[in-house]
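Worksheet: one structure, shown below.
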Amino acid sequence: MAGEKKGLVLLDYWVSPFGQRCRIGLAEKGLEYEYSEQELLGDRSELLLRSNPVHKAVPVLLHDGRPVCESLLILHYLDEAFPNSPPLLPADPYARAQARFWAAYSDKVYEVGTRLWKLRGEEQARARDDMVEVLGNLDGELGDKAFFAGEAFGFVDLAVAPFTPWLPSYGRYGGFSVEREWPRLAAWARRCAGRESVAKSLQPPEKVDEYINVLKKHCGIND
Amino acid sequence: MSGAVKVIGAFDSPYSHRAEVALRLKGVPYEFIPEDLGNKSDLLLKHNPIHKKVPVLLHGDRAIPESLLIVEYVDEAFHGPPLLPADPFDRATARFWARFVDDKCSKPFWLSLWTEGEVQKGFMKEIKENLALLETQVKGKRFFGGDAIGYLDIAASGFAHWLSVLEEVAGVTLLTDAEYPDLCRWVKEYSSHETVKQCLPEREKLLSHFTARKDLFVSAVKSMAPK
């Protein structure tokens, strides 16, 4: 495309767990890219609006100027467009289906978590119950394994790890402790945090908690 | 891998149809196991414990829930005409719009049918805007997939067959030739396709099935409304 920037550009936001999925994926594959921090609380950039007109959201991966949207789709795209780099998804079709299922399921952590810090009263209580169910299901799927697919860090670990710095905050709003209720999941989170690609991409829980307070103010929530 | 292929599904579910049409397009013989969603079977609950929904694909001792995951699995596990495009960017685009159908179209579509007044107007506006966006993907093409039916056609298939039946039951008009010429043309192409026709439920049967449940849908939607 004439005039389009060559190579990979990631339109992202510092604390976005969805963006972090892509950063981890790019690092695991050893791919060079330009990171482009986007404005989400203020006006969105023209580039973001042009690249993702439907959702106006990050992350967006630009490859030679062409946009790919949605974190899990970006990860699939990276595997398919860069087949000579280490694969993020397993090769076997059934393993791929299982990986896709749990990666997509984990989106609920953020969805439900947002309801948890935003809502109060009965609605917050419902969000708490939903979060307990989601984390219980993830813990059940992990079981006693080191990682979701077994011995090695894989697609589901990559998809879920970015939500881990949010869990202490969700725990405060929901009145639960991940460490106490789901120790295997807590241990898995520490295991992932020790991986370089993950450590470099995630924000510490204190920064995430600060950010939730910023979002609360932005929504007019004052407690 | 070998092993019997079965679909746990329901005749009135467009999601169940996605699984069946994918298998038929790929040329994979299968057994259809109808599920009574009002009284869920142990088989379903065993193989889809998280969501407890149809369809579920059984392939030997493997169980795959979620219709779009099933379509991708069928494409990857069996030989036959490809369902997803070859090019990575085109694949990403097809997947994006399939998710758009599920995440942005199903709910406002359903709610625009069973609500009334200003609330209904709001949902109708939303679904009409989103159908217009979806339509851009089939403009100038026979199918969303190009010359042949593909992944996005399968994902959008609910709008090809179920939509007009539900419009009739609800007394609502969403898709007109005048406003959506490309989408309406695609509806005809999709529903008259030789392979698709084999697993589309009979229109009259679907019509009477949904008509009998109309009051149920209306009251369920009312109870979902924020208090």
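Keep in mind the model is a prediction, meaning the values are calculated, not measured. Below, chains carry the letters A, B, ... as their sequence lines are ordered, and counting in each starts from 1.
- More than 12 heavy atoms of other residues, nucleotides or ligands lie within 6.0 Å of NZ in B/Lys26, so this atom counts as buried by the packing criterion.
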Before giving the answer on side-chain contact (heavy atoms from CB on, under 4.5 Å), spell out for A/Glu70 and B/Phe96 the whole-Å C-alpha distance, their side-chain angles and the decisive distance to 0.1 Å.
CA-CA 8 Å; A/Glu70 310 212 342; B/Phe96 174 90; 3.7 Å; yes
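- In this structure, A/Glu80 CD and B/Leu84 CG are separated by 8.0 Å, a value rounded to the nearest 0.5 Å.
- Other residues, nucleotides and ligands contribute at most 12 non-hydrogen atoms within 6.0 Å of the CD atom of A/Glu32.
- The shortest distance between side-chain heavy atoms of B/Phe89 and A/Pro67 falls below 4.5 Å.
- When the shell of 6.0 Å around NZ of B/Lys125 is examined, it contains 12 or fewer heavy atoms from other residues, nucleotides or ligands.
- For the atom pair OG1 (B/Thr93) and CZ (A/Arg66), the distance works out to 7.5 Å, reported to the nearest 0.5 Å.
- Heavy atoms of other residues, nucleotides or ligands lying less than 6.0 angstrom from CD of B/Gln198 number more than 12.
- In A/Lys29, the NZ atom is crowded: over 12 heavy atoms of neighbouring residues, nucleotides or ligands sit closer than 6.0 Å.
- Looking at B/Asp75, neither its backbone nor its side chain comes within 4.5 Å of chain A, counting heavy atoms on both sides.
- Around CG of B/Asp147, the count of heavy atoms belonging to other residues, nucleotides or ligands within 6.0 Å does not exceed 12.
- In B/Lys40, the NZ atom is crowded: over 12 heavy atoms of neighbouring residues, nucleotides or ligands sit closer than 6.0 Å.
- Residues A/Tyr94 and B/Asp61 are not in side-chain contact: their nearest non-hydrogen atoms beyond the backbone lie 4.5 Å or more apart.
- Listed here is the closest heavy atom pair of B/Ala92 and A/Leu73: O-CD1, 3.9 Å.
- At a threshold of 4.5 Å between non-hydrogen side-chain atoms, the residues B/Glu66 and A/Phe101 count as touching.
- By the 4.5 Å heavy-atom criterion applied to side chains, B/Arg95 and A/Tyr77 are not counted as neighbours.
- Only the side chain of A/His55 comes within less than 4.5 Å of a heavy atom of chain B; its backbone N, CA, C and O stay farther away.
- In A/Lys216, the NZ atom is crowded: over 12 heavy atoms of neighbouring residues, nucleotides or ligands sit closer than 6.0 Å.
- Chain A forms more heavy-atom pairs under 4.5 Å with one residue of B/Asn130, B/Ile64, B/Ile50, B/Leu133 than with any other, namely B/Ile50.
- For A/Asp79, no part lies near chain B; criterion is any non-hydrogen pair under 4.5 Å.
- For chain A, the nearby part of B/Arg91 is the side chain; its heavy atoms alone come within less than 4.5 Å.
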